[in-house]
Each structure stands twice: as structure tokens, then as C-alpha cells.
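Here is the naming used below: chain letters follow the sequence lines, and residue numbers restart at 1 for every chain.
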Amino acid sequence: MNYLDFERPIAELEEKIREMRLLAESTGSDLTAEIDRLERRVQELRERTYRNLTRWQRVQLARHPDRPYTLDYIHLMTTGFVELHGDRCFADDPAIVGGLAKFNGRTVLVVGHQKGRDVKSRQYRRFGMPNPEGYRKALRLMKLAAKFNKPIISFLDTPGAYPGLEAEERGQAEAIARNLLEMSRLPVPIVVCVIGEGGSGGALGIGVGDRILMQENAWYSVISPESCSAILWRSWDYKEQAAEALKLTAQDLFELGIVDRIVAEPLGGAHRNPQEAARLLAEAIEEALTELLPKDPETLIRERREKYSRMGAWIETYL
Amino acid sequence: MTWYKRTESGIQTSIRRDVPAGLWIKCEGCAEIFHRTQWRERAYTCPHCGYHQQIGSEEYFELLFDEDSGEEFNGHLRPVDRLGFVDRKPYTQRLLEAQRETGLMEAVRTAVGLIHGRAAIVACMDFAFIGGSMGSVVGEKIARAIDRARQEGLPLIIISQSGGARMMESALSLMQMAKTSAKLAELAEARVPYFSVLTHPTTGGVTASYAMLGDVNIAEPGALIGFAGPRVIKQTIGSELPKGFQRAEFLLEHGFVDMVVHRTQLKATLAHLIDLFLG
Ligand SMILES: [Zn+2]
């Protein structure tokens, strides 16, 4: 288990409990009372820590190296997943995965950003930062879903679209823009789940939908706290302040009318219990699909358009 | 000589110019010196090297609209600090400063008018206003301009110049990308043509939404157009960028704009396109 800086006191107590258990085992002495006491203490500490996270701490949890990724959720909540590859134009982008699967008995199209778990796979997945062909593959698959009338579940987890030379040559901006336009009029339900990092246009590029769900420790913003710090504070040192200013948590986005539902995570984050995290998320997806599936395509599209029409904050003054 | 007629109350025409003051102008491209009149006649481009000086909505409206034919709308939409955003200074202060310095209320203005006698809706961004960044008001004014073009069956022209989505409105800015793109899908279904004009610079969330979605994408010569900024890309690849990278001509070569048009030809080109699409 990897621990974050603010989790150190919890990690130390957990370590102490482990040691006492080993000691009790090896010496045969009864340390039950002492272990119970420590267990209560660590649980109190967890509650206190995780119920009062700062925005920056949530960003850290969203990036936790053990956090479940798209393929983990696909395997935990669907059966019979068949991955489909390639944009039929240029290449297959490993930073976005997608395919057909069974979710609670019905066929769905799943798509999402994919990060790697070790050094090699992180590079292979480009840290979950897609190239244009990733967005184009996603669109191809979503149109396939529309053709065969299958609902779409999209998982967002990216630091952003890949800022590379070739990505620009192949039209990163056009690929994202096209997806935004086309997703707004797909005639099937789209449930979007922000499961980790919602890094700007790179996340939104597969994130237009009828219901936007967001896990409680995910972040979603126009820019990462680090880049925001670099631009507005002209220094990399203000990421905590930038995270606060950007109002990038699930609670913030719910209040801003961008996210429809905050999905709870196991105490300490989704990585503490991926099965439970997947169960909670699947429950929220199922509820969303139950609401959306009876709607005819016209209603679905009209309501989706109205949803995005309303977004934003402005005043109207006639002076 | 003006492009506008004043009818709607609450609309104030901007008094500011981004273009340099004075009678004699020094070209930022080749340092040649020439007279203001000559420069204005050439649509603020250099008669020697062709350098396109960045200009704002006031100049573009004047350039495109027939005399007395233009009318601004939705000028009453004003930005608001929904997040209480503070970096080194509060967003509210940045807005006030930008409004005072530019005489503008936001980074886009929308108007209806005649282009060589053909009616069109024109939305024009202003880079001078917080880097032409797209917040809620920009998104909403673009969305309403698209709605009006669709309802009245008038061709839509959006002139973009922007650093991208506005950080100080965070996710609200980001969602304007989805809002404007969704509106363009409706416009497309109504078969109303949309001409996107990309000027220097157009990057980030504006490129990755409406600026790239024209039925015809037109770029001004030498304009920087891209998703990621050149500095970020340089950091990623760890070496110098090739000459002309992300410039208008580069995008033409790679198939992302239909044409690169000299600003002196912009009005004639748009009028011709309107004829071809609607004729
Ligand atoms: Zn010159």
C-alpha cells in the first residue's frame, strides 16, 4: 500500500497494529485489549482525516497509484468485456480503452481513459493522456453504440490530452471538438463517471452525457492545480491554493450544477476497497440507466442539450 | 463612418483600440514605418511584409460590415465571479481592470449586419480582454449567437482569438466548450452555414470547441492555432519546435483549415462563401 504525506499518522498506527499482531502470535501473549484500543484509535483518525480533506488532498487521492482505473472498474462491474481497438484512420491509442460488455444483464458500450500501473505500462498508456486517435476511437465506438442502440458508460481519468508535437499535427483540438459536438446528439443514454482526474478538455472530450457522476475523491477542472499555479502565481509552489481556488471537488461541481451525483467511496479512497468502490459506482450507474433507458431518443437529446445550455454563471443587466 | 446603428439600449460601443495610436506605425513584423491611413486601408496588415497586426472586435466589425448596417446584441450579459476566485488578485478585480482598460464588458461581442449586402451573424472575440479567455459569458453569447443564426436562418461567422478556457471560472468555463459545440450541432441540423475564422492566437478550449467546427475553417496568415501552447509542447518533447509549427499554413498542410486568407480579402471571401452556400 502506498501512503500519501497526510496519511502518515494513519500508516504508523496501522504498522504498529501489525507488529503487535505478529508479537502476539510469536509469543502467545494476549494483546487483544491493546490491539482493540489501537484499532479504535486508527479508525477515529481515519474518520477525522478523510472527512475533512482539503481540495489538494483529494487531488492527491485522485492520483493515488493504487486507485482503480477504467479497466479495473470494467472488470469489477461488467462481464464478457470485448475490447475494440483503433480509430480506423491512423492508430490505436492505448490511453483510451473501450468495448462492449454486459452490465447488469444488458449490453453496454464502455469507454474510458486508461492509466498504467507500473513504469512500463504507464509509458505505454501515456499516463492516460490521449492522442487524437484516442478521441476518434472513442467516437467510432460511441457511434457503434448508437447504431445498435446500446447505452454508453464513459469513465474519465486523465491529467489532460497529450500535449505532443504529433498530437497537434493530427488535430488534437479538432478531435476533441468533434466529440463534443457528436456526443451532444448521440441517440442513446450516456452516463459519464469521473473516477479520478478530470483534466480539462482532455477529460471532457469523452465526457458529454445525460448524467454526470463523480466519485467523492475525484477532481475535475479547466486546468490542473500545478499548471494554474504556474500561470497565475508564476510559480509551481501554489498548487494547494490553486486547488482551493479552482473549486474542483465533486462537492464543488455538484453545487455548480455540473455534476448530477456524488458517488461515495470506501473510507480512505477507492483504492482501499476497489470491490466496494465498484459496487457503489455500479449502483449509481444502474439508477441513472433506469431513469434514462425509457426515454425516446428525441427526449434524451433535447434534455441533454438543455442541460448544457444552462451551464455557466452570468448576469443580465440593462443599464 | 461607422459600422453600427444604435438601436438596442444598454449596448455601448467600445471606444478603445488595441491598435497602436499615432500617425506613423512601425510594423511589428519587419520594423518598416508607414502611415496610419495606408495601414488601415490594408486592414491593419503590413504593406511590406504582410504582417497581420492583432485587432479587436471593433476593427473586425468595421472591416466586415457595410456602413451603418451592424447591430450588436446581448451586450447586456456581464461576467460574475461565481467561484469567489482569488489568485494573486481577485477575479472581480481582474474583470474590472479588463473592462476599464479595454472599454469592453467581456471577451466576445456579437452582432448582426450586412457583408456586401448579405445578412450574417458575426461573433468576434477580443484577445485584449483577459487573453480572449472563454468564461461563462463568452460561452453564453456564442450560444445565443448560434441560436439566433439558426432561428433567423442567417449564416454564422465566429472570429476567434483566445488563449483558451478561462481559469477563473474553472469547470464553468470548461463546460462552455460542450455548450457551444452542442449548439453548433443544432445549427448543423438546421443546415445553416457556419464559417470559423481563426486569428492569432487561437489555442486551448476555444480551438477544441467552436473554432475547429466550421463548415469552412478560415485562418489568417501566420496565426498560431493549436490545442496545447508551444511552450508546453516544447517541455513535453524536450527539444525545439519545427519552424512554422502550429501556424495557419501548417494547419492548412495538415488538413485542419480550408484556407489561409489575407485579411484584406476576408470580407470578399466571406461574402462569396455565403453566396455559394445559400445560392
Ligand atoms: Zn512588416
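For A/Leu232, the parts sitting under 4.5 Å from any heavy atom of chain B are the backbone and the side chain alike. Neither the backbone nor the side chain of B/Tyr91 comes within contact range of chain A; no heavy atom of the residue lies under 4.5 Å from a heavy atom of that chain. Residue B/Phe250 touches chain A through its side chain alone, counting heavy-atom pairs closer than 4.5 Å. Interface remark: A/Ile258 contributes side-chain atoms only to the contact with chain B (heavy atom separation under 4.5 Å). For a residue to count as touching a neighbouring chain, one of its non-hydrogen atoms must lie under 4.5 Å from one of that chain's; by this rule A/Ile223 touches chain B with the side chain only. For chain A, the nearby parts of B/Ile233 are the backbone and the side chain; heavy atoms of each come within less than 4.5 Å. Contact of A/Arg170 with chain B is made through the backbone alone, with heavy-atom distances under 4.5 Å. If you measure heavy-atom distances from A/Gln241 to chain B, you find no contacts under 4.5 Å at all. Heavy atoms closer than 4.5 Å to chain B are found in the side chain of A/Leu253, but not in its backbone. Heavy-atom distances place no part of A/Tyr238 under 4.5 Å from chain B, backbone and side chain included. Using a 4.5 Å cut-off between heavy atoms, B/Ala178 contacts chain A through both its backbone and its side chain. Residue contact with chain A, scored on non-hydrogen atoms closer than 4.5 Å, is absent for B/Arg231. Contacts between A/Ile301 and chain B at a heavy-atom distance below 4.5 Å are absent for every atom of the residue.
Taking CD1 of A/Ile212 as the reference point, atom CD1 of A/Ile190 lies at 8.5 Å (rounded to 0.5 Å). Rounding to the nearest 0.5 Å places CZ of B/Phe73 at 9.0 Å from NZ of B/Lys141. Going from atom CD of B/Gln54 over to atom OG1 of B/Thr199 covers 6.5 Å, rounded to the nearest 0.5 Å.
Most heavy-atom pairs under 4.5 Å with chain A: of the set B/Lys183, B/Glu189, B/Glu253, B/Lys89, this distinction falls to B/Glu189. Chain A forms the most heavy-atom pairs under 4.5 Å with one residue out of B/Ala208, B/Pro230, B/Ala228, and that residue is B/Ala208. Note on B/Arg88, B/His254, B/Met175: by heavy-atom pairs under 4.5 Å with chain A, the leading option is B/Arg88. Considering only heavy-atom pairs separated by less than 4.5 Å from chain A, the leading option among B/Gly204, B/Ala171, B/Pro242, B/Gly226 is B/Ala171. If you tally non-hydrogen atom pairs under 4.5 Å between each of A/Met311, A/Arg178, A/Gln172, A/Arg305 and chain B, the highest count goes to A/Arg305. Of the listed residues (B/Leu213, B/Val232, B/Ile225), the greatest number of heavy-atom pairs within a distance under 4.5 Å of chain A belongs to B/Leu213. Of the listed residues (A/Arg310, A/Met183, A/Glu255, A/Arg234), the greatest number of heavy-atom pairs within a distance under 4.5 Å of chain B belongs to A/Arg234. Interface summary for chain B: among A/Ala161, A/Gly257, A/Gly171, the most heavy-atom pairs under 4.5 angstrom belong to A/Gly171. In terms of heavy-atom pairs under 4.5 angstrom with chain B, the leader among A/Ile231, A/Asn179, A/Leu246, A/Val208 is A/Leu246. In terms of heavy-atom pairs under 4.5 Å with chain A, the best-connected choice from B/Lys234, B/Met212, B/Gln246, B/Lys179 is B/Lys179.
A donor-acceptor contact shorter than 3.5 Å links the side chain of A/Asp93 to the backbone of A/Ala95.
Here A/Arg185 does not pair with B/Glu186 in a salt bridge; the nearest charged N to carboxylate O distance is not below 4.0 Å. A/Glu316 and B/Arg144 are joined by a salt bridge, as a carboxylate oxygen and a charged side-chain nitrogen come within less than 4.0 angstrom of each other. In this structure, A/Arg63 pairs ionically with A/Glu197, as a charged nitrogen and a carboxylate oxygen lie closer than 4.0 Å. Taking the charged nitrogens against the carboxylate oxygens, B/Asp87 and B/Arg94 do have a contact shorter than 4.0 Å, which makes a salt bridge.
Annotation for A/Glu168 and B/Phe227: closest pair OE1-N, 3.0 Å, computed over non-hydrogen atoms.
Heavy atoms of other residues, nucleotides or ligands lying less than 6.0 angstrom from CZ of A/Arg302 number more than 12. The neighbour count for A/Glu166 CD, taken as heavy atoms of other residues, nucleotides or ligands under 6.0 Å away, does not exceed 12.
Each of A/Lys239, A/Arg58, A/Arg55 was scored for a salt bridge (Lys or Arg N to Asp or Glu O under 4.0 Å) with A/Glu244, with one residue passing: A/Arg55.
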Q: Could you walk me through whether B/His200 and B/Glu220 pass side chain to side chain contact (heavy atoms under 4.5 Å, CB included), step by step?
A: CA-CA 7 Å; B/His200 181 77; B/Glu220 285 194 345; over 6 Å; no
Q: Evaluate the criterion side chain to side chain contact (heavy atoms under 4.5 Å, CB included) for residue pair A/Val222 and B/Arg166; output intermediate values, then yes/no.
A: CA-CA 8 Å; A/Val222 71; B/Arg166 187 174 297 166; over 6 Å; no
